[in-house]
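Nothing fancy with the numbering, it's 1 onward along the sequence. Values below: every heavy atom of this structure, side chains too, minus hydrogens, waters and symmetry copies. When a ligand or atom number is given, it counts from 1 through the structure's own listing order.
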Amino acid sequence: MFDAILVGARCAGAPVAMLLARAGYRVLLLDKAPSGTDTLSTHLIHQPGVAALARWGLLDAVRASGCPQLDRVVYEVADIRLEGCARGVEGQRAAFAPRRHVLDAILVEAAAAAGVEVRDRCRVTGLLRDGSGRVVGVEGRHDGRSFSDRAHLVIGADGMRSTVAHLVQAPYTVKDPRLTCAYYTYWQDVPATLELYEAPGSWVAAVATNQGATLVLAYVPQSRFKEVRTDAHRAYREQIRTTAPALDERLHGKEPVERLYGTGDQRNFFRRATGPGWALVGDAGHHKDSITARGISDAFLQADILVGRLIGRLGEDAAELDAALAQFEKERDTALGPGYESTLGVAHLTPHEQRLALLRAVQKDPELTAIYFDLVAGIETAGALYTPKLLALL
Ligand SMILES: Cc1cc2nc3c(=O)[nH]c(=O)nc-3n(C[C@H](O)[C@H](O)[C@H](O)COP(=O)(O)OP(=O)(O)OC[C@H]3O[C@@H](n4cnc5c(N)ncnc54)[C@H](O)[C@@H]3O)c2cc1C
């Protein structure tokens with residue numbers, strides 16, 4: 001009998017498992033994928049996520065992986081160019097972008113070191129329930145054999161297409177249409193820290209990652225997905241050429257070092273996050289377009305909120321546990337609502353004149369520029385920018 005079973009061992013599941021085990025709980029962490037594998041995702045971790053890694057004692061391992069710190073951001077849109085660095089949070093001014101096979105392995109190793117039982121290649125296919133319908137465990141297949149395990153709480157950390165969410169029939173509480181599609185690959189010897197380029201119908205980014213590689217991403221509107229996927233490589237290069245010509249020049253004469261990855265399936269939703277004996281964390285409960293690169297940091301934030309609510313209340317007393325879970329859901333929605341709305345705003349890929357006028361004022365002042373990069377990182381909400389200085393400039 002475990003206290004908690006986590007289904008999914010990446011940036012939501014592994015930290016929850018680690019934090020619960022550090023608090024003395026007996027935890028099982030399962031994933032259908034082999035440990036140390038990559039996943040379809042780029043990997044920018046904004047400062048709030050970096051601060052979580054530092055609090056958990058894992059930032060040194062990320063640095064030691066050879067992943068450079070991103071303490072200089074360039075953002076270009078229309079005639080505007082902002083350059084600087086966020087003010088940061090908890091002393092963390094830099095972002096990092098470790099490859100997912102690097103980051104996820106660090107998180108799973110930390111969970112194992114905290115005493116979590118980790119099983120990879122283990123696919124959950126069903127849930128165990130008691131007579132009242134309360135979830136009391138999982139069943140599935142591991143190495144070709146059936147297994148079942150019981151716990152006070154089953155946590156689905158199994159991504160946007162969550163099996164756990166499907167099995168408990170977690171309803172959507174918020175749902176919006178898909179807005180973009182994303183394509184990315186890696187380039188060698190293309191110096192960059194963190195560069196963002198925006199234009200009507202387009203978003204391009206360059207991000208330095210492990211092994212001296214630079215990740216270059218391009219976003220196009222969802223309405224172009226059918227057309228773009230017929231020759232994605234051409235569309236990707238064209239998007240970079242027209243939106244970020246200076247970056248395009250640096251790519252000239254070079255070939256990507258990996259294949260082109262892409263997706264047109266970036267859903268926007270909140271699901272009900274909890275019920276009797278179950279909870280959803282990370283993308284399983286809430287997903288949004290990756291254009292603002294918030295998913296990893298938000299998964300860490302959810303892990304902190306959930307574990308904060310569970311400590312001292314995860315055990316035999318079902319009513320107490322359910323009350324803790326309800327609090328988690330409420331706090332999750334409050335914490336992630338504003339970032340969800342601003343992400344949808346960016347993902348429409350239509351830079352409005354009102355925002356451009358604001359940015360023209362911001363670019364005149366390094367302090368306002370730093371506050372703006374705090375907004376990009378999800379540290380501040382838009383209100384923070386409206387200082388007397390900005391109002392005077394406007
Ligand atoms: C193109 C793209 C670019 C992105 N770029 C960024 C970025 O730059 N920065 C950022 O912060 N976020 C980014 N994101 C978002 C980020 O990838 C996700 O928010 C993050 O991976 C969520 O983590 P998770 O642990 O909730 O889910 P996932 O990373 O999806 O992990 C879920 C795990 O559950 C396992 N699983 C699923 N079903 C089962 C089952 N039945 N049994 C056992 N295991 C199961 C899977 O194998 C998987 O390992 C991007 C996403 C995409 C698609």
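Ring orientation note: the planes of Phe269 and Tyr172 are nearly perpendicular, at an angle over 60° on the 30°/60° scale. Using cut-offs of 30° and 60° for the angle between ring planes, the Tyr372 and Tyr75 rings count as parallel.
Both Met18 and Ile296 are assigned to one and the same hydrophobic cluster, defined by single-linkage of ILVMFWY side chains at heavy-atom distances under 4.5 Å.
Closest to atom 9 (N) of ligand 1 among all protein heavy atoms lies Leu44 O, 2.8 Å. Among all protein heavy atoms, the one lying closest to atom 53 (C) of ligand 1 is Leu40 O, 3.6 Å. Of all protein heavy atoms, the one lying nearest to atom 21 (O) of ligand 1 is Arg100 NH1, 2.8 Å. Scanning the protein heavy atoms around atom 30 (O) of ligand 1, the nearest turns out to be Gly159 CA, 3.6 Å. Distance from atom 17 (O) of ligand 1 to its nearest protein heavy atom, with residue and atom name: Ser41 OG, 2.7 Å. Closest protein heavy atom to atom 31 (O) of ligand 1: Arg10 CD, 3.5 Å.
Residue-level proximity to ligand 1 for His43 is carried by the backbone, the only part with a heavy atom below 4.0 angstrom. For Ser162, no heavy-atom contact with ligand 1 is shorter than 4.0 Å. With a 4.0 Å cut-off on non-hydrogen atoms, Val7 touches ligand 1 through its side chain and not its backbone. The backbone and the side chain of Thr42 each have at least one atom closer than 4.0 Å to an atom of ligand 1 (non-hydrogen atoms only). With a 4.0 Å heavy-atom cut-off, ligand 1 is reached by no atom of His46. Only the backbone of Cys122 comes within contact range of ligand 1, with a heavy atom under 4.0 Å; no side-chain atom does.
The pair Asp104-Arg10 meets the salt-bridge criterion, since a charged nitrogen lies less than 4.0 angstrom from a carboxylate oxygen.
The aromatic ring centroids of His43 and Tyr186 lie less than 6.0 Å from each other.
When the heavy atoms of Gly262, Ala12, Ser290, Ala205 are ranked by distance to atom 51 (C) of ligand 1, first place goes to Ser290.
Applying the side chain to side chain donor-acceptor pair (under 3.5 Å) test between Arg178 and each of Asn268, Thr263, Asp265 identifies Asp265 as the sole match.
Ligand 1 has an N or O atom lying under 3.5 Å from an N or O atom of Val124, backbone or side chain.
Residues that satisfy the ring-ring contact (aromatic ring centres under 6.0 Å, His included) test with Trp56, not counting sequence neighbours, are Phe300.
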